[in-house]
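Read the structure below first, then the notes.
What you see below is based on every heavy atom in this structure, not just the backbone, and it leaves out hydrogens, waters and symmetry mates.
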Amino acid sequence: MSSNKQTPETNGSGPINPAPRPARRSFTAEYKAAVVAEYEAAPHGEKSAVLRREGLFHSHVQEWTRGRSTAAPAGTANGSGASPTTTARLSRAERETERLRAENARLNAKLAQTQAALSIMGKAHELLASLAESTDTPPSSSR
């Protein structure tokens, strides 16, 4: 009783492993850059959703971010010669500077308004003082 069917154990190349070792995933540089950019742009509560959707761990993004900042030659990261982490710090510093400028403008407008109100109050005080002086003069006696 000979059969031409091969059993799973003898398919010509040896036994079949029922649980083969999973292949290691590899990602393209474009994919890594896109995921890192999306992760960094996501609001605080949405970062983990990006990771779950892509089937990644936080360590992947950390490693890719570190690799991006060290692998990019000077001058090619963003055209300014600064590394992406420096750029992130600069953008944070720029945002803080912009916030402080807006606050400064708001406070200057409030100061100008207060100074105008004080000027008006001063003029009103002078007017009332002069009116009080004119009515405080003793009446001339007719004796």
Note to self: Considering only residues two or more places apart or on different chains, which pairs with a residue in residues 16-26 satisfy salt bridge (charged side-chain N to carboxylate O under 4.0 Å, His left out)?
What the structure shows: none
Item checked: Residues that Glu38 engages under side chain to side chain donor-acceptor pair (under 3.5 Å), provided they are two or more places apart -> Arg53
Notebook entry, point to check: Is there a side-chain contact between Glu54 and Tyr39, using heavy atoms and a 4.5 Å cut-off?
Noted result: no
Note to self: My understanding is that only residues two or more places apart in sequence, or in another chain, count here; which of them pass side chain to side chain contact (heavy atoms under 4.5 Å, CB included) with Glu63?
What the structure shows: none
Checklist line | Set of side chain to side chain donor-acceptor pair (under 3.5 Å) partners for Thr97, sequence neighbours left out | finding: none
Checklist line | Pair Glu103 + Arg99, salt bridge at N-O below 4.0 Å | finding: yes
Check: If you count the non-hydrogen atoms of other residues, nucleotides and ligands that lie under 6.0 Å from CD in Glu96, is the total more than 12?
Finding: yes
Check: CD of Gln62 to OG1 of Thr65: how many Å apart, nearest 0.5 Å?
Finding: 8.0 Å
Margin query: Checking Glu46 now: which residues fulfil side chain to side chain donor-acceptor pair (under 3.5 Å) with it, not counting sequence neighbours?
Written below: none
Note to self: Using modelled atom types and a 3.5 Å cut-off, is there a donor and acceptor pairing between side-chain atoms of Ser119 and backbone atoms of Gln115?
What the structure shows: no
Item checked: For Phe27, all residues meeting ring-ring contact (aromatic ring centres under 6.0 Å, His included), sequence neighbours excluded -> Tyr31, Trp64
